[in-house]
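Written out below as structure tokens is the structure these notes cover.
FYI, the numbering just counts along the sequence from 1.
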Amino acid sequence: MTTKTQDRPLFPFDNTFAREMEGFYVAARTAPARSPRLVAFNRELAEELGLDADALDSDVGARIFGGAELPDGATPIAQAYAGHQFGHFVPQLGDGRALLLGEVVDRNGRRRDVQLKGSGPTHFSRGGDGLAALGPVLREYLVGEAMHALGVPTTRALAATLTGELVQRDTVLPGAVLTRVAASHLRVGTFQFFMARGDVERVRKLADHAIARHFPELVGADDRYLRLLEGVRDRQAALVAKWMQIGFVHGVMNTDNTSISGETIDYGPCAFMDRHDPATVFSSIDRNGRYAYGNQPYVAAWNLSRFAETLLPLVDDDRERAIARATESVEAFAPAFAEAWIAGARRKLGLATERDDDVELTNGFLAALLSGSADHTLGFRRLAEAVLGDEQPLRDEFEDATALDAWLPTWRARIAAESRDPATVADELRLANPIYVPRNHRVEAALDAAVERADLAPFRELLAVVVRPFEERPEAKGFERPGPKDAEPYVTFCGT
């Protein structure tokens, strides 16, 4: 069954991937949802997409977002991809629990995918049920919207919908579907799927599609495939630099979770650090720390190398020459990341000019955070008070302020050398350093309330806080604080 409002479709789909990329996906259908009910709807995003928010914030929208009905013009498909998971190559993964409904062009002229996640099994489900539970759906909604508010490129949540069905995990849980919006769902693993099968022409077709969609300035250009590699490189470098600046740990940086568009995708075992520590790991299965906070730039470069491998036949007919050219491009990831990282670090330290020793200054503060067992988010945020002369709030965040006290005079001298109004610097620091992030204990409390007691109030309260991360306000008092120091180590889990 399809749904539209009078003569105007609810979704003005223009589905280029389904229309032009046959052989890169398998047609699929949603599982029937007994009694779908919207539990979260992103009106702001709906309006950005050019959709009728009033029409969708309804029982009609619930049926669409729950998978019970298809909107007019939808062509539901499951995309094929492979991937390196924790360093081990799996030649076929694919959308095992996701359906791409189609593409819309938003009010700004950007093409966006609309996908249902958790709407039932597909050709790629590998024995799984293809369903999702409410908790992980709400986690992705919450963290993705927080990341967007923090200025991080990310997939976004349009809706979270209870299906009225139960799903079996370790226990029986309420089933739900996430409606996810992305610049595209093209991944490094999408390219790996076809190169693993030796299908160079399909890799070429996929590369041309990715260029047309994400790097249109390269269409028809000489060396466009090498420049595609470089474009993805630069976007990933900028993305991971932003993760590092806000203390975000993705948790599962597999190549199938590395987006060609440069967006953060797939919020499974992700979390934000409280105490700053490069060794921070949250994922229950990352026992060797492959995806630890401090390893994320190195893993991104490794993933980029795997992408480069898929493009070698396109870069140059001579394999040795292709390897040399691609290697040079991949090796430029490190300086690209370093440039993005220090640019963000200068903003977080309140610096308006550039000096060669800014890297040393930044590393000194990070070392002070580590040795002082200080909170990553509040350690940076309290610099705003310190620049105005009140260092006590900053010092209070440290269990041991010895290294901080050694660092502060150098920072104060660096700030003073710019001869700027301290009040202006403080305002800039508050705009660069959030006070609210999705604190792990708050996230878990909100998800537990929703799943165990059908109480969505804590989720909605937390969402309202984290989508305004830079503005301190009385009604959010307490949401800035990390969890109890004597709490058990926080552990997250893959899958839904």
Side-chain angles (χ1 to χ4, degrees), residues 2-21 25 38 40-58 60-62 64-65 70-77 79 95 98-117 119 140-161 177-187 190 209-219 231-232 235 238-239 242 259-267 463 467-468:
T2 60
T3 303
K4 61 183 178 181
T5 301
Q6 297 176 349
D7 294 327
R8 177 174 177 265
L10 287 173
F11 289 83
F13 285 125
D14 179 27
N15 302 332
T16 61
F17 195 87
R19 187 168 62 243
E20 301 169 4
M21 304 297 287
Y25 60 83
L38 276 175
F41 177 64
N42 194 334
R43 295 182 67 90
E44 175 260 330
L45 178 56
E47 290 166 0
E48 180 182 304
L49 295 173
L51 307 179
D52 186 335
D54 289 333
L56 289 171
D57 192 3
S58 66
V60 170
I64 292 171
F65 298 132
L70 289 177
D72 192 47
T75 54
I77 58 175
Q79 292 178 308
D95 286 330
L99 290 182
L100 177 61
L101 290 183
E103 307 155 23
V104 298
V105 177
D106 69 16
R107 293 187 184 278
N108 297 310
R110 298 172 299 182
R111 185 172 295 275
R112 314 279 284 275
D113 280 1
V114 180
Q115 183 191 73
L116 299 183
K117 187 175 179 181
S119 59
E140 181 156 351
Y141 193 115
L142 183 70
V143 180
E145 289 306 293
M147 293 284 275
H148 174 71
L150 288 163
V152 181
T154 180
T155 61
R156 297 191 62 190
L158 179 59
T161 311
V177 176
L178 177 77
T179 305
R180 182 164 72 181
V181 174
S184 82
H185 286 85
L186 301 178
R187 311 155 186 260
T190 317
H209 179 84
I211 286 169
R213 184 149 183 181
H214 296 301
F215 303 93
E217 69 279 6
L218 301 182
V219 172
V232 174
R235 290 190 186 187
L239 175 67
K242 287 181 178 291
S259 170
I260 301 303
S261 71
E263 291 181 322
T264 313
I265 189 170
D266 286 335
Y267 292 97
L463 180 65
V467 297
R468 294 166 59 191

Straight-line distance of [X] [atom1] to [Y] [atom2], nearest 0.5 Å:
| X | Y | atom1 | atom2 | value |
| --- | --- | --- | --- | --- |
| Leu100 | Thr75 | CG | OG1 | 7.0 Å |
| Phe65 | Leu116 | CZ | CG | 8.5 Å |
| Glu140 | Asp266 | CD | CG | 6.5 Å |
| Thr155 | His148 | OG1 | NE2 | 11.5 Å |
| Thr154 | Arg156 | OG1 | CZ | 8.5 Å |
| Ile64 | Thr179 | CD1 | OG1 | 9.5 Å |

Would you say the side-chain atoms of [X] pair up with the backbone N or O of [Y], donor to acceptor, closer than 3.5 Å?
| X | Y | result |
| --- | --- | --- |
| Asn108 | Arg110 | no |
| Asp72 | Pro9 | no |
| Arg235 | Ser261 | yes |
| Asp95 | Gln79 | yes |
| Glu145 | Val467 | no |
| Asn15 | Ala18 | no |

Discussion item. Tell me whether the NZ or CZ atom of Arg213 lies within the 45° cone about the ring axis of Phe17 and under 6.0 Å from its centre.
Written reply: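 No - Arg213 does not lie over the ring of Phe17 by the 6.0 Å and 45° rule.
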So which atom in [X] and which in [Y] form the shortest heavy-atom distance, rounded to 0.1 Å?
| X | Y | answer |
| --- | --- | --- |
| Ala157 | Leu178 | CB-CD1, 3.8 Å |
| Leu38 | Ala159 | CD2-CB, 3.8 Å |
| Pro71 | Phe13 | CG-CE1, 3.7 Å |
| Tyr25 | Ile77 | CD1-CG2, 3.3 Å |
| Leu10 | Leu51 | O-CD2, 3.5 Å |
| Leu99 | Pro76 | CD1-CB, 4.3 Å |

Worksheet, complete the sentence: Result for side-chain hydrogen bond (donor to acceptor under 3.5 Å, both in side chains) between Ser184 and one of Arg111, His209, His214 points to His214
Worksheet item: Under a 4.5 Å cut-off applied to non-hydrogen side-chain atoms, are Leu463 and Tyr141 in contact?
Response: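 Result yes, sub-4.5 Å side-chain heavy-atom pair found.
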Discussion item. Going by salt bridge (Lys or Arg N to Asp or Glu O under 4.0 Å), Glu48 matches just one of Arg107, Arg43, Arg112. Which one?
Written reply: Arg112
Discussion item. Looking at Arg19 and Asp14, is there a salt bridge between them, counting it only when a charged N and a carboxylate O are closer than 4.0 Å?
Written reply: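 Yes, this pair counts.
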Worksheet item: Going through the checks in order, is the side chain to side chain contact (heavy atoms under 4.5 Å, CB included) test met by Lys242 and Leu150?
Response: CA-CA 9 Å; Lys242 287 181 178 291; Leu150 288 163; over 6 Å; no
Item to complete: Please step through side chain to side chain contact (heavy atoms under 4.5 Å, CB included) for the pair Val114 and Phe11, ending with a clear verdict.
Response: CA-CA 9 Å; Val114 180; Phe11 289 83; 4.2 Å; yes
Item to complete: Would you tell me whether Glu103 and Thr16 have side-chain atoms, one donor and one acceptor, within less than 3.5 Å of each other?
Response: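 Result is yes, a qualifying pair exists.
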